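Below is one structure, written out as structure tokens; comments come after it.
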Amino acid sequence: MSSIAMSVFLDSEPGELVELPHAGTGLEHPLVFDSAAREIQHLAAEGRAQVIQQTVRQMGSETLIEEITFKRLI
């Protein structure tokens, strides 16, 4: 089964700027969104995407990604 992050990645065109969505998706919860954003970061580390912009927030002892915009490379 594909994750929301992977679905957004696969639905995008190479070179297209994409913001990972919050509202109206399963990513509305901050911890779930952070997990999906980290999946996008993993794709970037593999050379499949490029993170263009991200916003992080300190929540207790954890740093959570609140927003992420990426570009699919392949």
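Because the structure is a prediction, the values reported are computed rather than measured. Side chains included, hydrogens not; waters and symmetry mates left out as well; all remaining heavy atoms used.
- Taking CD from E28 and NE2 from H22, the interatomic distance works out to 10.0 Å, rounded to the nearest 0.5 Å.
- I74 CD1 to R72 CZ: the interatomic distance, rounded to the nearest 0.5 Å, is 7.0 Å.
- In this structure, E62 has no salt bridge (Lys or Arg N to Asp or Glu O under 4.0 Å) partners at least two apart in sequence or on a different chain.
- For the pairing with I40, the side-chain contact (heavy atoms from CB on, under 4.5 Å) check across I68, I65, V8 returns one residue only, I68.
- Within the model, atoms OG1 of T63 and CD of Q58 stand 3.5 Å from one another, a figure rounded to the nearest 0.5 Å.
- Side-chain atoms of V56 and L64, non-hydrogen and from C-beta on, never get closer than 4.5 Å to each other.
- Counting heavy atoms from C-beta outward, R57 and P30 have side chains that approach closer than 4.5 Å.
- Rounding to the nearest 0.5 Å gives a distance of 9.5 Å between CD of E66 and CG of D34.
- L17 and L20 fall into different hydrophobic clusters, where Ile, Leu, Val, Met, Phe, Trp and Tyr residues are linked whenever their side-chain heavy atoms come under 4.5 Å apart, directly or through other members.
- Side-chain N/O atoms of Q54 and T69 include no donor and acceptor closer than 3.5 Å.
- Residues F70 and V32 share a hydrophobic cluster, clusters being chains of Ile/Leu/Val/Met/Phe/Trp/Tyr side chains in contact below 4.5 Å.
- No path of Ile, Leu, Val, Met, Phe, Trp and Tyr side chains, each step under 4.5 Å between heavy atoms, connects I52 with F9, placing them in separate hydrophobic clusters.
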Worked verdict on Q53 versus T55 for side chain to side chain donor-acceptor pair (under 3.5 Å): CA-CA 7 Å; Q53 183 272 332; T55 304; 2.9 Å; yes
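- The two atoms that bring A36 and A5 nearest to each other are O-CB, 3.6 Å, heavy atoms only.
- Residues L10 and L27 are members of one and the same hydrophobic cluster, defined by side-chain heavy-atom contacts under 4.5 angstrom among Ile, Leu, Val, Met, Phe, Trp and Tyr.
- A continuous path of Ile, Leu, Val, Met, Phe, Trp and Tyr side chains, each step under 4.5 Å between heavy atoms, connects M6 with I4, placing both in one hydrophobic cluster.
- For E13, the CD atom counts as loosely surrounded, since its 6.0 Å shell holds 12 or fewer non-hydrogen atoms of other residues, nucleotides or ligands.
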